[in-house]
**Student:** 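Before I ask anything, here is the structure I am working with.
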Amino acid sequence: MNKKRAAGVLATVVAVFFLAACASETVLETSAPQTTAEPTAVPTPTPIPYEDFAGAMVPPADPERLAQLTNLLSLVPENFSSTIFLDMEFLRSNDTLVSLISPEILGMDTALPSIATGLVDSIAVATDFQALSVITPFQSNYAIGDILRLAGGFGLQLGGDGPTTYEGHDVWRINARGTALAMATANESTGVAASGQGLSAEEVRAVVEGSIDAFDGWSSALLDTAGLADLLGDVPSGFAGVVLSECETLPLFTGMQGLPGCTAVVVTADILSGDLVVFHSLIGFTGQDEAASVMQRAIEALEDQNSSHDFEDLGVRQEDGNLRVRVIVNVSKFTEVFRLFSPNS
């Protein structure tokens with residue numbers, strides 16, 4: 001693709017991204033026929049999917065989407081204990097969700113320049129709360145160099161003097177309105193951006209290099225957390241989610257004295273019919289006894305959250321050394337309930 005045509009395509013994508021779609025709701029009324037012999041029939045409410053949670057079959061992750069998510073998480077070093085991910089391509093295709101869900105609405109401090117968010121298909125935002133640094137792995141059909149050149153067309157000089165090389169990966173130092181950022185390519189479709197509170201340009205570059213080291217297997221990654229890969233494969237895929245390696249901070253269980261024996265948490269969110277969103281969470285423990293000891297207190301904590309947030313449905317069950325939680329809410333409550341699963345999101 002020549003440069004003029006590429007720039008045109010990228011500009012079109014950005015323009016489409018910034019258009020807000022308005023969703024309209026249609027209410028249908030159905031009247032039962034009147035007869036003299038029998039009283040008017042009362043319509044039966046549509047049952048909520050997964051209603052019988054105790055024995056419900058919960059599908060595993062979709063293999064293709066799991067592979068894409070795993071690719072993103074491969075860029076997260078082990079010291080980044082909280083990661084949020086969004087399927088941006090899916091959100092842009094859904095008129096209801098696009099106006100309700102975005103990194104900005106969810107309060108996610110991404111390291112990716114905002115002008116580039118409309119050019120990515122999926123992103124993850126991982127936080128190191130001790131070092132106050134953030135990395136943003138992303139997948140896109142556009143090369144980082146093209147994204148930065150497009151930003152230059154809007155007057156944002158993000159690319160500097162071009163990339164340098166680190167272990168075979170291109171790395172850019174970026175000054176975004178006085179904020180030091182760094183971006184690096186992981187492979188043809190995946191990259192990562194990094195930033196940090198009070199960090200110098202050299203320190204931010206070191207953060208992004210640490211992400212590349214995790215991706216290449218030279219250092220430990222979040223995915224190396226014991227049992228985490230199994231949890232990822234056992235929850236249905238969704239348009240948003242959370243991965244935690246320090247699960248005691250999960251806001252969903254506020255009021256409990258932590259989650260003793262907890263090793264990791266995976267959460268996904270997906271859309272259901274009837275303007276509903278389902279949250280699936282799988283919480284891993286060191287063993288069956290540890291999971292059983294937390295079960296009753298987890299139920300009580302969830303019931304307290306239910307009284308505050310008015311869930312459409314709630315279910316909890318133990319599966320060997322894991323606790324599985326399923327929460328269904330109206331789509332309008334997505335943001336407030338999502339924050340129950342995402343510390344400091």
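All values below come from the heavy atoms of this structure, side chains included, with hydrogens, waters and symmetry mates left out.
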**Student:** Which residues pass the side-chain hydrogen bond (donor to acceptor under 3.5 Å, both in side chains) test with Asn330, not counting sequence neighbours?
**Tutor:**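 Scan of Asn330 (side-chain hydrogen bond (donor to acceptor under 3.5 Å, both in side chains), adjacent residues dropped) gives Ser332.
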
**Student:** Would a distance-only check, ignoring hydrogens and angles, find a side-chain to backbone donor-acceptor pair under 3.5 Å from Glu203 to Ser200?
**Tutor:**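 Yes; at least one donor-acceptor contact below 3.5 Å.
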
**Student:** If hydrophobic clusters are built from ILVMFWY residues whose side chains come within less than 4.5 Å, do Leu86 and Val267 share one?
**Tutor:**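 Linked within one cluster.
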
**Student:** Taking the side chain as every heavy atom from C-beta outward, state whether Cys262 and Thr286 have any pair of such atoms under 4.5 Å apart.
**Tutor:** no

**Student:** With side-chain contact (heavy atoms from CB on, under 4.5 Å) as the criterion, how do Ile283 and Asn322 come out once you've worked through the C-alpha distance, each side chain's angles and the decisive distance to 0.1 Å?
**Tutor:** CA-CA 5 Å; Ile283 307 169; Asn322 303 325; over 6 Å; no

**Student:** State which residues pass side chain to side chain contact (heavy atoms under 4.5 Å, CB included) with Ser122; sequence neighbours excluded, sorted by chain then number.
**Tutor:**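 Ser122 satisfies side chain to side chain contact (heavy atoms under 4.5 Å, CB included) with Leu72, Gln139 once adjacent residues are dropped.
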
**Student:** Check side-chain hydrogen bond (donor to acceptor under 3.5 Å, both in side chains) between Glu319 and all other residues, then give those that pass, not counting sequence neighbours.
**Tutor:** Arg317, Arg324

**Student:** Could you walk me through whether Glu336 and His309 pass the side-chain contact (heavy atoms from CB on, under 4.5 Å) test, one step at a time?
**Tutor:** CA-CA 8 Å; Glu336 65 180 84; His309 299 280; 2.9 Å; yes

**Student:** With Val331 as reference, evaluate Leu276, Ile101, Leu97, Leu272 under the side-chain contact (heavy atoms from CB on, under 4.5 Å) test and give the passing residue.
**Tutor:**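 It is Leu97, the one option of Leu276, Ile101, Leu97, Leu272 that forms the side-chain contact (heavy atoms from CB on, under 4.5 Å) with Val331.
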
**Student:** Among all residues two or more places apart in sequence or in another chain, which pass the side chain to side chain contact (heavy atoms under 4.5 Å, CB included) test with Asn306?
**Tutor:**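 Partners of Asn306 under the side chain to side chain contact (heavy atoms under 4.5 Å, CB included) test: Glu303, Phe311, Leu314.
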
**Student:** Between Thr263 and Gly284 (side chain of the first, backbone of the second, donor and acceptor by atom type, cut-off under 3.5 Å), is there such a pair?
**Tutor:** yes

**Student:** Run the side-chain hydrogen bond (donor to acceptor under 3.5 Å, both in side chains) test against Asp310 and tell me which residues pass, sequence neighbours left out.
**Tutor:**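 Asp310 satisfies side-chain hydrogen bond (donor to acceptor under 3.5 Å, both in side chains) with no residue once adjacent residues are dropped.
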
**Student:** Quick check: is Val278 connected to Val243 through a chain of hydrophobic side chains (ILVMFWY, heavy atoms under 4.5 Å apart)?
**Tutor:** no

**Student:** Return the minimal non-hydrogen interatomic distance between Ser82 and Phe129, and the atom names on each side.
**Tutor:**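 That would be CB-CE1, 3.7 Å.
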
**Student:** If I take atom CD1 from residue Ile328 and atom NZ from residue Lys333, how far apart are they, to the nearest 0.5 angstrom?
**Tutor:**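 Interatomic distance, Ile328 CD1 to Lys333 NZ, rounded to 0.5 Å: 13.5 Å.
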
**Student:** Between atom OG of Ser237 and atom CG of Asp87, what is the distance when rounded to the nearest 0.5 Å?
**Tutor:**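 Taking OG in Ser237 and CG in Asp87, the distance rounds to 9.5 Å.
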
**Student:** Within a strict 4.5 Å, meaning less than it, do heavy atoms of the Val327 and Asp313 side chains meet?
**Tutor:** no

**Student:** Show the nearest heavy-atom pair for residues Val76 and Ala126, with the distance to one decimal.
**Tutor:** CG1-CB, 3.7 Å

**Student:** Are Phe138 and Val208 co-members of a hydrophobic cluster defined by side-chain heavy atoms under 4.5 Å apart?
**Tutor:**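 Unlinked, Val208 and Phe138 end up in two clusters.
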
**Student:** Do Asn79 and Gln130 have side chains that get closer than 4.5 Å, going by heavy atoms?
**Tutor:** no

**Student:** Could you measure the distance from the CD atom of Gln197 to the OG atom of Ser133? Nearest 0.5 Å is fine.
**Tutor:**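 If we round to the nearest 0.5 Å, Gln197:CD and Ser133:OG are 10.5 Å apart.
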
**Student:** Could I get the full list of side chain to side chain contact (heavy atoms under 4.5 Å, CB included) partners for Glu64, not counting sequence neighbours?
**Tutor:** Asp62, Gln68

**Student:** Of all heavy-atom pairs between Pro236 and Pro59, which one has the smallest distance, and what is that distance?
**Tutor:**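 Taking Pro236 first and Pro59 second, the nearest heavy atoms are CG-O, 3.3 Å.
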
**Student:** Any donor-acceptor pair under 3.5 Å linking the side chain of Asp230 with the backbone of Gly227?
**Tutor:** no

**Student:** Are Leu132 and Val204 in one and the same hydrophobic cluster, where Ile, Leu, Val, Met, Phe, Trp and Tyr link if side-chain heavy atoms are under 4.5 Å apart?
**Tutor:** no

**Student:** Quick check: closest heavy atoms across Ser219 and Ala214, and the distance to 0.1 Å?
**Tutor:**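 So the two residues come closest at OG-N, 3.3 Å.
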
**Student:** Which pairs, with at least one residue in residues 205-217 and sequence neighbours excluded, count as a side chain to side chain donor-acceptor pair (under 3.5 Å)?
**Tutor:**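 Every side chain to side chain donor-acceptor pair (under 3.5 Å) pair that includes a residue of residues 205-217, provided the two are not neighbours, is Thr164-Arg205, Tyr166-Asp213, His169-Asp216, Arg205-Glu209.
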
**Student:** Quick one: does any side-chain atom of Thr225 pair with a main-chain N or O of Ser245 as donor and acceptor, under 3.5 Å?
**Tutor:**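 Not confirmed, Thr225 side chain does not pair with Ser245 backbone.
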
**Student:** Sequence neighbours left out, what passes side chain to side chain contact (heavy atoms under 4.5 Å, CB included) with Thr70? Give chain and number order.
**Tutor:** Leu66, Ser74, Leu223

**Student:** Using the rule that Ile, Leu, Val, Met, Phe, Trp and Tyr join whenever any side-chain heavy atoms are under 4.5 Å apart, tell me whether Val337 and Leu302 fall into a single cluster.
**Tutor:** yes

**Student:** Between Leu282 and Leu323, is any pair of side-chain heavy atoms under 4.5 Å apart?
**Tutor:**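 Leu282 vs Leu323: side chains apart.
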
**Student:** For Leu340 and Pro251, which heavy atoms make the closest approach, and how far apart are they?
**Tutor:** O-CD, 3.3 Å

**Student:** Nearest 0.5 Å, what's the CG-CD1 distance between Asp128 and Ile135?
**Tutor:** 9.0 Å

**Student:** Can you name the side-chain hydrogen bond (donor to acceptor under 3.5 Å, both in side chains) partners of Thr190, sequence neighbours left out?
**Tutor:** Asn71, Asn187

**Student:** Could you grab the distance from atom OG1 of Thr268 to atom CG of Asp270, nearest 0.5 Å is fine?
**Tutor:**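 Atom-to-atom, Thr268:OG1 and Asp270:CG are 7.0 Å apart.
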
**Student:** Holding to ring pair (Phe, Tyr, Trp, His ring centres under 6.0 Å), I want the full list of residues that pass it with Phe279, two or more places apart in sequence or in another chain.
**Tutor:**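 Counting only residues at least two positions away or on another chain, Phe279 forms a ring pair (Phe, Tyr, Trp, His ring centres under 6.0 Å) with Phe334, Phe341.
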
**Student:** Mind checking what makes salt bridge (charged side-chain N to carboxylate O under 4.0 Å, His left out) contact with Glu202, not counting sequence neighbours?
**Tutor:** Arg173

**Student:** Is there a side-chain contact between Phe338 and Ile84 (heavy atoms, below 4.5 Å)?
**Tutor:** yes

**Student:** Taking side chain as C-beta onward, heavy atoms only, is Pro163 less than 4.5 Å from Val171?
**Tutor:**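 Result no, sub-4.5 Å side-chain heavy-atom pair not found.
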
**Student:** Any chance you could measure Thr96, atom OG1, to Leu91, atom CG, to the nearest 0.5 Å?
**Tutor:** 11.5 Å

**Student:** Assess whether side-chain contact (heavy atoms from CB on, under 4.5 Å) is satisfied between Met183 and Ile174, documenting all intermediate values.
**Tutor:** CA-CA 8 Å; Met183 296 177 71; Ile174 299 169; 3.3 Å; yes

**Student:** With a 3.5 Å distance limit and no angle check, can you tell me whether Ser140 reaches the backbone of Leu119 through a side-chain donor-acceptor pair?
**Tutor:** yes

**Student:** What closest approach, in Å, do Ala264 and Cys247 show between heavy atoms, and which atom pair accounts for it?
**Tutor:** N-SG, 3.9 Å

**Student:** Are the side chains of Asp121 and Met88 in contact, using a 4.5 Å heavy-atom criterion?
**Tutor:** no

**Student:** Phe85 vs Ile123, test: side-chain contact (heavy atoms from CB on, under 4.5 Å). Steps then yes/no.
**Tutor:** CA-CA 6 Å; Phe85 63 89; Ile123 63 170; over 6 Å; no

**Student:** Can you find a heavy atom in the side chain of Phe80 that is under 4.5 Å from one in the side chain of Leu222?
**Tutor:**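 The answer is no; the side chains never approach within 4.5 Å.
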
